[in-house]
Amino acid sequence: WPVAHSGRGDYNETIVVNSPCVIVGGYNASFTVNGPDAFPTRLRGVTGTMRFSADAGDHCGALNITFHDCVAAIGSEPVQGYNGAAIISLGASPTIQDCVFEDNRANPTSGTGWGGAVLAHQGSPVLRRCVFSGNIGSHGGAVALSQAAGALLEDCAFTANACSDSKILVAARDAMG
């Protein structure tokens, strides 16, 4: 898989992944040492932060990145509203590993917002060893899954996430809605 390395720093970015690519954070300035604790890569986006399209397929993802204070962009999939503040995956199957999601908000007001941190619609995303804290969404304070039957959440920690409608941290919706 193609890999994009990211060095230490705080970034205000929107990243769109339209082809196979894994984005790896936590590198030093010369990209010779990877140590996310020593060289944190922190992303913040105000119109969504990282978007994986169906063209990215199964060979995409994010590793060693902290997503903080992200606000989702408005969209129509799977429902009209602000969905997936830090990561939105539409038809892709990214592997999100060793990432931190803190204080992200799907909807900056009180309307519909699926996935305070992550929304996966279709595809089979894998979230492994991630930490979710202080995220807010109307459905899935931390994570919302829609028609993502093969999704896997493994060894993730959830603390102080909130949702206004569903009262659960992770919301799942099958093909029937």
Side-chain angles (χ1 to χ4, degrees), residues 1-4 6 11 13-25 41 43-102 104-107 112-132 135-156 158 161 163 166 168-175 177:
W1 306 345
V3 176
S6 179
Y11 303 95
E13 301 291 336
T14 297
I15 299 168
V16 178
V17 180
N18 288 325
S19 61
C21 182
V22 176
I23 299 168
V24 181
T41 301
L43 291 177
R44 178 180 182 270
V46 293
T47 57
T49 303
M50 191 173 289
R51 175 180 295 264
F52 294 96
S53 74
D55 292 334
D58 297 340
H59 304 292
C60 59
L63 176 66
N64 297 335
I65 297 173
T66 295
F67 297 86
H68 69 96
D69 301 299
C70 301
V71 178
I74 195 161
S76 60
E77 290 186 81
V79 296
Q80 185 69 32
Y82 293 85
N83 301 310
I87 293 179
I88 185 167
S89 176
L90 301 174
S93 298
T95 296
I96 311 302
Q97 186 169 301
D98 299 319
C99 291
V100 174
F101 299 87
E102 53 190 22
N104 301 295
R105 187 173 183 104
N107 191 327
T112 300
W114 283 40
V118 176
L119 166 70
H121 177 60
Q122 301 174 336
S124 300
V126 174
L127 286 88
R128 181 177 293 122
R129 294 188 308 269
C130 294
V131 175
F132 296 86
N135 302 291
I136 300 171
S138 65
H139 289 72
V143 178
L145 304 170
S146 171
Q147 300 176 29
L152 173 66
L153 279 72
E154 180 179 70
D155 296 326
C156 293
F158 298 88
N161 299 284
C163 20
S166 58
I168 57 176
L169 301 177
V170 178
R173 177 179 130 168
D174 65 17

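Computation of the quantities below employed the complete heavy-atom set of this structure, encompassing side-chain atoms and omitting hydrogens, waters and symmetry-equivalent molecules. Quick note: residue numbers are just sequence positions, from 1.
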Closest non-hydrogen atom pair between [X] and [Y], with its separation:
{"X": "Gly115", "Y": "Ala106", "answer": "O-CB, 3.5 Å"}
{"X": "Cys163", "Y": "Ser138", "answer": "CB-O, 3.8 Å"}
{"X": "Asn18", "Y": "Ser53", "answer": "OD1-OG, 2.9 Å"}
{"X": "Arg105", "Y": "Ala85", "answer": "O-CB, 3.3 Å"}
{"X": "Pro94", "Y": "Ser89", "answer": "CD-OG, 3.3 Å"}
{"X": "Ala120", "Y": "Ala148", "answer": "O-CB, 4.1 Å"}

What's the separation between atom CG in Asp58 and atom OG1 in Thr95, rounded to the nearest 0.5 Å?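 Output value for this atom pair is 8.5 Å.
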Give, for atom CD of Glu154 and atom CZ of Arg128, the distance between the pair rounded to the nearest 0.5 Å. 4.5 Å
Could you tell me whether the side chain of [Y] reaches within less than 4.5 Å of the side chain of [X], counting heavy atoms only?
{"X": "Cys130", "Y": "Ile96", "answer": "yes"}
{"X": "Arg51", "Y": "Leu90", "answer": "yes"}
{"X": "Ser6", "Y": "Tyr11", "answer": "yes"}
{"X": "Leu145", "Y": "Leu153", "answer": "yes"}
{"X": "Asp55", "Y": "Ser19", "answer": "no"}

Before giving the answer on side-chain contact (heavy atoms from CB on, under 4.5 Å), spell out for Leu43 and Ile15 the whole-Å C-alpha distance, their side-chain angles and the decisive distance to 0.1 Å. CA-CA 10 Å; Leu43 291 177; Ile15 299 168; 3.9 Å; yes
Donor-acceptor check, side chain of [X] to backbone of [Y], threshold 3.5 angstrom: yes or no?
{"X": "Ser93", "Y": "Ser124", "value": "yes"}
{"X": "Thr14", "Y": "Gly48", "value": "yes"}
{"X": "Asn83", "Y": "Trp114", "value": "yes"}
{"X": "Asn104", "Y": "Cys70", "value": "yes"}

Greater than 12 external heavy atoms within 6.0 Å of Arg44's CZ: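 Yes, enclosed.
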Electrostatic pair Asp98-Arg129, nearest N-O below 4.0 angstrom: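 Yes, charged N to carboxylate O under 4.0 Å.
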Ile23 and side chain to side chain contact (heavy atoms under 4.5 Å, CB included): which partner among Val3, Leu63, Val17?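 Single side chain to side chain contact (heavy atoms under 4.5 Å, CB included) partner of Ile23 among Val3, Leu63, Val17: Val17.
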Report the residues that fulfil side-chain hydrogen bond (donor to acceptor under 3.5 Å, both in side chains) with Glu13, sequence neighbours left out, ordered by chain and then residue number.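 Testing Glu13 for side-chain hydrogen bond (donor to acceptor under 3.5 Å, both in side chains), a comparison that skips the adjacent residues, returns none.
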Side chains of Asn135 and Asn161: do they bring a donor and an acceptor to under 3.5 Å?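 Their side chains do contain a donor-acceptor pair, which is all the 3.5 Å distance test asks for.
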With side-chain contact (heavy atoms from CB on, under 4.5 Å) as the criterion, how do Ile87 and Phe101 come out once you've worked through the C-alpha distance, each side chain's angles and the decisive distance to 0.1 Å? CA-CA 10 Å; Ile87 293 179; Phe101 299 87; 3.9 Å; yes
Only one of His139, His121, Gln122 forms a side-chain hydrogen bond (donor to acceptor under 3.5 Å, both in side chains) with Ser146, so which one is it? His121
